[in-house]
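Take a look at the structure below.
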Amino acid sequence: MSGHLTEVLVVEDEPFALRLAVDALTEAGFDVRPAKSAEEALVVLANSPQLRLVVCDWILPGMSGLEFVQHLRSDVDRRSTFVLVCTGNNEASDVAQAYAAGADDYVSKPWRQSELIARVQSGQRRIALDTTEALIFSLATLAESRDPETGAHLERVQQYCRVLASALASSSPYADQMDGPLVHLIEQTSVLHDIGKVGIPDAILRKPARLTEAEFNVMKTHTSIGAHALNTALRMSEGAPFLNVAHEIALYHHERWDGNGYPFGLAREDIPLSARILAVADVYDALRSRRVYKKGQGHDEAAAIIADAAGEQFDPVVVDAFISNERRFDALRESISDAFPPPRGADSHPASGIEQDCVAEAAG
């Protein structure tokens, strides 16, 4: 765990309790900063912007623990700080009050050393996850920023993948392959599917027209470029699960169920399930989106194209999940919409086939 995630601020005015907390957390490997009041704690936080774990007593001199939590939540830079409130009263109303004030968790006093450590470690893991997700989206946005017409593509595809993965996990032939953590990983890493765009020349990536065959062959390399970058990260991180899934999605999301995709021409279940899910989400969004050479298609038309491609371009089971949730897709597309002007020449360049609409101009 990185250094800034081992720093903990303990706010406690009772000397014996403060000493116990400091000793317990120090023994567990945390770098503990003590404070005897909320006012003192705010000074520590002001001087330590990287500090994001706080253990705070409910009853403090001056500003109370709950007032301290409310103060933190009013600061936009501190809204992601994890706050564990210690309370001597385990009444449900008090617990509810702590959560309402903005606390993330609570522990009853007198606390057991093992419980205090476990709850702080839980906060540590949550912050690490939040940091990972922020980094993933930042990297994906960096790649997407080179394409002027992607709009809210990343956010929509992420939500589509969540819907499909959740549906497959709840009731499908793939339910035994899917669990909550994998559903989250697919949602989380789906935004990296086109990270390889960073290696595609601007003349091709930003071309305001359909690509030639030679240009399209260059565009296809975005899958291997992205996978190579993620593979390097995989080796350095000793196989982090989210990077494994991101690697699958980046490399295989243009493979086809019938074996006519790229880069390897894989077929059927040789294609990782994560990539088969992403393929449907990505193509639906490409069909619905405007491009300089075409208008975006309506939901019914796009859904019909997806359905017709089952067993050819797409896994039929994933398409079934799409059909069962197609109105959710439509609602998401409407709620996370682009704000582009009408496409140039749209009337003279109508959409004319799923491959061109989905990949030919931007490997979308």
Side-chain angles (χ1 to χ4, degrees), residues 1-88 95 98-99 101-139 188 233 236-243:
M1 197 73 71
S2 60
H4 76 279
L5 294 185
T6 64
E7 297 179 63
V8 183
L9 172 62
V10 177
V11 191
E12 171 62 71
D13 66 313
E14 207 280 310
F16 181 68
L18 179 60
R19 186 73 261 162
L20 285 178
V22 169
D23 289 348
L25 293 171
T26 299
E27 185 177 341
F30 289 95
D31 177 10
V32 185
R33 312 286 186 86
K36 297 179 181 179
S37 69
E39 290 80 5
E40 183 181 341
L42 290 174
V43 174
V44 173
L45 291 172
N47 293 324
S48 307
Q50 79 287 350
L51 204 163
R52 298 179 62 191
L53 286 167
V54 176
V55 177
C56 176
D57 192 25
W58 181 303
I59 301 175
L60 293 169
M63 182 185 293
S64 72
L66 295 192
E67 290 172 334
F68 171 68
V69 174
Q70 290 171 329
H71 183 86
L72 290 185
R73 296 306 181 225
S74 68
D75 182 350
V76 67
D77 294 328
R78 281 291 170 189
R79 288 177 184 171
S80 63
T81 299
F82 184 91
V83 183
L84 173 66
V85 171
C86 301
T87 173
V95 172
Y99 284 132
D104 296 288
D105 200 358
Y106 78 97
V107 61
S108 298
K109 296 177 71 174
W111 40 261
R112 294 187 300 276
Q113 177 175 316
S114 59
E115 183 181 9
L116 178 67
I117 293 171
R119 291 186 181 277
V120 174
Q121 289 174 334
S122 176
Q124 186 184 43
R125 288 191 296 271
R126 201 198 76 176
I127 291 174
L129 180 60
D130 289 347
T131 302
T132 298
E133 291 183 340
L135 176 60
I136 288 172
F137 210 92
S138 295
L139 288 172
Q188 180 187 48
M236 296 177 66
S237 66
E238 300 180 352
F242 83 89
L243 285 173

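Heavy-atom basis, side chains included; hydrogens, waters and symmetry copies ignored.
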*Is the closest side-chain heavy-atom distance between E39 and L60 below 4.5 Å?*
no
*Mind listing the closest non-hydrogen atom pair of V83 and C56 along with its distance?*
CG1-CB, 4.5 Å
*asked:* Once side chain to side chain contact (heavy atoms under 4.5 Å, CB included) is applied, do any residues pair with D23, and if so which ones, sequence neighbours excluded?
replied: R19
_As an exercise, state the distance from OG of S64 to CD1 of I59, rounded to the nearest 0.5 Å._
9.5 Å
*Which is it for K36 and D13 under the salt bridge (charged side-chain N to carboxylate O under 4.0 Å, His left out) test, yes or no, and what are the steps along the way?*
CA-CA 4 Å; K36 297 179 181 179; D13 66 313; over 6 Å; no
*Please report the closest heavy-atom contact between L53 and Q124, naming both atoms and the distance.*
CD2-N, 3.7 Å
*asked:* How close do S48 and R33 get, counting heavy atoms only, and between which atoms?
replied: OG-NH1, 3.1 Å
_Between V120 and V55, does the side chain to side chain contact (heavy atoms under 4.5 Å, CB included) criterion hold? Intermediate values first, please._
CA-CA 8 Å; V120 174; V55 177; 3.7 Å; yes
*Distance, nearest 0.5 Å, that separates CG of L25 from CG of D31*: 11.0 Å
_Flag side-chain contact, heavy atom, 4.5 Å: I117 against Q113_ = yes
*asked:* If you compare all heavy atoms of D104 against all heavy atoms of F82, which two are closest, and at what distance to 0.1 Å?
replied: OD2-CA, 3.2 Å
*Check: E67 and H71 side chains under 4.5 Å, non-hydrogen atoms*: no
*Hey, what do you get for CG (L9) to CZ (R52), rounding to the nearest 0.5 Å?*
14.5 Å
_Quick check on side chain to side chain contact (heavy atoms under 4.5 Å, CB included): which of V10, V107, V54, V8 does L84 satisfy it with?_
V107
*Write down the atom of T81, the atom of L51, and the distance for their closest heavy-atom approach.*
OG1-O, 4.4 Å
*Is the closest basic N to carboxylate O distance between E12 and K109 below 4.0 Å?*
yes
*asked:* Looking at every heavy atom in both C86 and D57, which two are closest together, and how far apart are they?
replied: O-OD1, 3.1 Å
*Quick one: does W111's side chain get under 4.5 Å of R119's, heavy atoms only?*
no
*Are L20 and L18 side-chain neighbours, meaning at least one heavy-atom pair lies under 4.5 Å?*
no
